[in-house]
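Scope of the values below: all heavy atoms of this structure, side chains included, with no hydrogens, waters or symmetry mates. All of these numbers come straight from a predicted model, not from anything done at the bench.
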Amino acid sequence: MEWDQEAAGRLERVPFFIRKKVKKQIEEFVAAQGRTVVTSEDVSQARQQLAGGVPLKTGQGELTEAELGRITELIEKGVTIEGLNTKHIKFRVCGGAAGCPLTLMELKPLAVRLADLAREQQLEAFLAGSHDGPVLFHHQFKIALAGCPNNCSQPQIADFAVIGQAKPVRTQEKCYHCSLCIKACKEQAIHLGTGGPEFNYDLCLNCGDCTRHCTREAIVNSPVHYQVLIGGKLGRHPHLAVTLDRQADWSTVEDYFKKVIQVYRDKALDGERFADVVQRLGENLWIDEQ
Ligand code: SF4
Ligand code: SF4
Ligand code: SF4
């Protein structure tokens, strides 16, 4: 299927993580009319159907145009939660806190809990005492929370980050081999056996897309768990955050956070960013000094 220039330009403006799905829906819409080129007019017609709540293709996982617009807006604006940020501690919380339908976790209470812990551990006072003069961007400790592995709040460049995840599992419900879950999975992590879906958990990102698309409840999400990352930053010497744990429960996330603040306070050189402490000490970060 070809796309004319204007239609392709409009497709580019769809958020990257649902672009593939939208593209497919529109191509099916055009193919059903016996044509092979998608025009801007087709995109408009498809949008009208979606905006009217009529999915181009049935299935629980299809997002309506209204939802797509809402997600785009949330991602662009970001979410501000009252009372989280201080002068030196800045939270980036993804649109899941304001209704993005893809979120796997309740972001607001978890963000508030981390802010409380930071207060208890006196992180703000430590940061304030670690440099003189005005607070610049690189003096701030960044905390990111992402409701799903689409990672719109950029956890990879935060000092401490948490990503919500849910492992898909097969149920006893009969699988109808409709392949909707396979089409939904961007990681090619599912294949259909005679008894239903089988998952390659080495490829799976625990994003919940397959569960959302299965209309037969043959897949469910296991309880949410959290990926924890530390030590990401931009600036003069950028580093991507490293994964500390791929499957933590919330109480373990809190323990990690307290430990991170403790080692930062104990081991940072004057004015050193936490990400630089992580780079400098590597695995020795966690070893208590005698
Ligand atoms: S990270 Fe996931 S839940 Fe959060 S805004 Fe992006 S798509 Fe939505
Ligand atoms: S949860 Fe795993 S198997 Fe399901 S769609 Fe996401 S990556 Fe694929
Ligand atoms: S698990 Fe669900 S979505 Fe996947 S093939 Fe079976 S019925 Fe269809």
Heavy-atom pair of closest approach, residues R265 and Q122: NH1-CB, 3.8 Å
Flag, side chain of D4 to backbone of A7, donor-acceptor distance under 3.5 Å: yes
Joint cluster assignment, L229 & V278, ILVMFWY side-chain distance < 4.5 Å: no
K258 vs E254, salt bridge (Lys or Arg N to Asp or Glu O under 4.0 Å): CA-CA, chis, key distance, verdict: CA-CA 6 Å; K258 287 187 271 189; E254 291 192 5; 5.2 Å; no
Donor-acceptor pair, side chain of T86 and main chain of I89, under 3.5 angstrom: yes
Connected via hydrophobic side-chain network under 4.5 Å: Y256 and L107: yes
Rounded distance [0.5 Å steps], SG in C175 versus CZ in R170: 8.0 Å
Smallest separation among heavy atoms of A166 and S222, with atom names: CB-O, 3.8 Å
Audit row: R216, H177, side-chain contact (heavy atoms from CB on, under 4.5 Å) steps and yes/no: CA-CA 10 Å; R216 304 288 175 174; H177 289 75; over 6 Å; no
More than 12 heavy atoms of other groups within 6.0 Å of K108 NZ: no
Approximate separation, where rounding is to 0.5 Å, of C94 SG and N150 CG: 9.0 Å
From SG (C185) to CZ (F199), nearest 0.5 Å: 8.5 Å
Side chain to side chain, P168 and C204, heavy atoms closer than 4.5 Å: yes
Residue pair R273 / G232: nearest heavy atoms and the distance that separates them: NH2-O, 3.9 Å
Linked, directly or transitively: V162 and V79 (ILVMFWY side chains, under 4.5 Å): yes
Side chain to side chain donor-acceptor pair (under 3.5 Å) between T171 and E217, intermediate numbers included: CA-CA 7 Å; T171 70; E217 296 180 356; over 6 Å; no
Side-chain heavy-atom pair T215, Y176 within 4.5 angstrom cut-off: no
Verdict with supporting geometry, L145 and M105, side-chain contact (heavy atoms from CB on, under 4.5 Å): CA-CA 10 Å; L145 284 95; M105 69 191 207; 4.0 Å; yes
Any W250 side-chain heavy atom under 4.5 Å of D255 side chain: no
Any side-chain heavy-atom pair of P197 and L192 under 4.5 Å: yes
Residues D249 and T252: side-chain donor-acceptor under 3.5 angstrom: yes
E124 side-chain N/O to H88 backbone N/O, donor-acceptor pair under 3.5 Å: yes
Heavy-atom closest contact (I219 atom, C214 atom, distance): N-SG, 4.1 Å
Stepwise side-chain contact (heavy atoms from CB on, under 4.5 Å) test for K87 and H139: CA-CA 9 Å; K87 250 183 173 179; H139 295 136; over 6 Å; no
Shortest non-hydrogen separation from G164 to L104 and the atoms involved: O-CD1, 3.8 Å
Flag side-chain contact, heavy atom, 4.5 Å: F126 against I261: no
Backbone of H237 reached by a side-chain donor or acceptor of K233 within 3.5 Å: yes
Spacing of CG belonging to N206 relative to CZ belonging to R246, to within rounding of 0.5 Å: 9.5 Å
Test item: R92 side-chain N/O and S153 main-chain N/O as donor-acceptor pair under 3.5 Å: yes
Side-chain heavy atoms of N151 within contact of I163, under 4.5 Å: yes
Value rounded to 0.5 Å, distance of CD1 in I190 from CD in E198: 11.0 Å
Closest approach of D42 to V37 (non-hydrogen atoms, all atoms of both residues): OD2-O, 3.6 Å
Rounded distance [0.5 Å steps], NZ in K267 versus CH2 in W286: 9.0 Å
Note, I143 side chain near D159 side chain (heavy atom, < 4.5 Å): no
Single-linkage hydrophobic cluster, 4.5 Å side-chain cutoff, L244 and L281 together: yes
More than 12 heavy atoms from other groups under 6.0 Å of CZ on R35: yes
From CA spacing to verdict: side-chain contact (heavy atoms from CB on, under 4.5 Å), Y264, I230: CA-CA 11 Å; Y264 187 24; I230 59 166; over 6 Å; no
Side-chain heavy-atom pair T80, F91 within 4.5 angstrom cut-off: no
Residues H239, D276; criterion side chain to side chain donor-acceptor pair (under 3.5 Å); working and verdict: CA-CA 8 Å; H239 311 296; D276 293 324; 3.3 Å; yes
Over 12 non-hydrogen atoms of neighbours within 6.0 angstrom of CD in E120: yes
Connected via hydrophobic side-chain network under 4.5 Å: I157 and L114: no
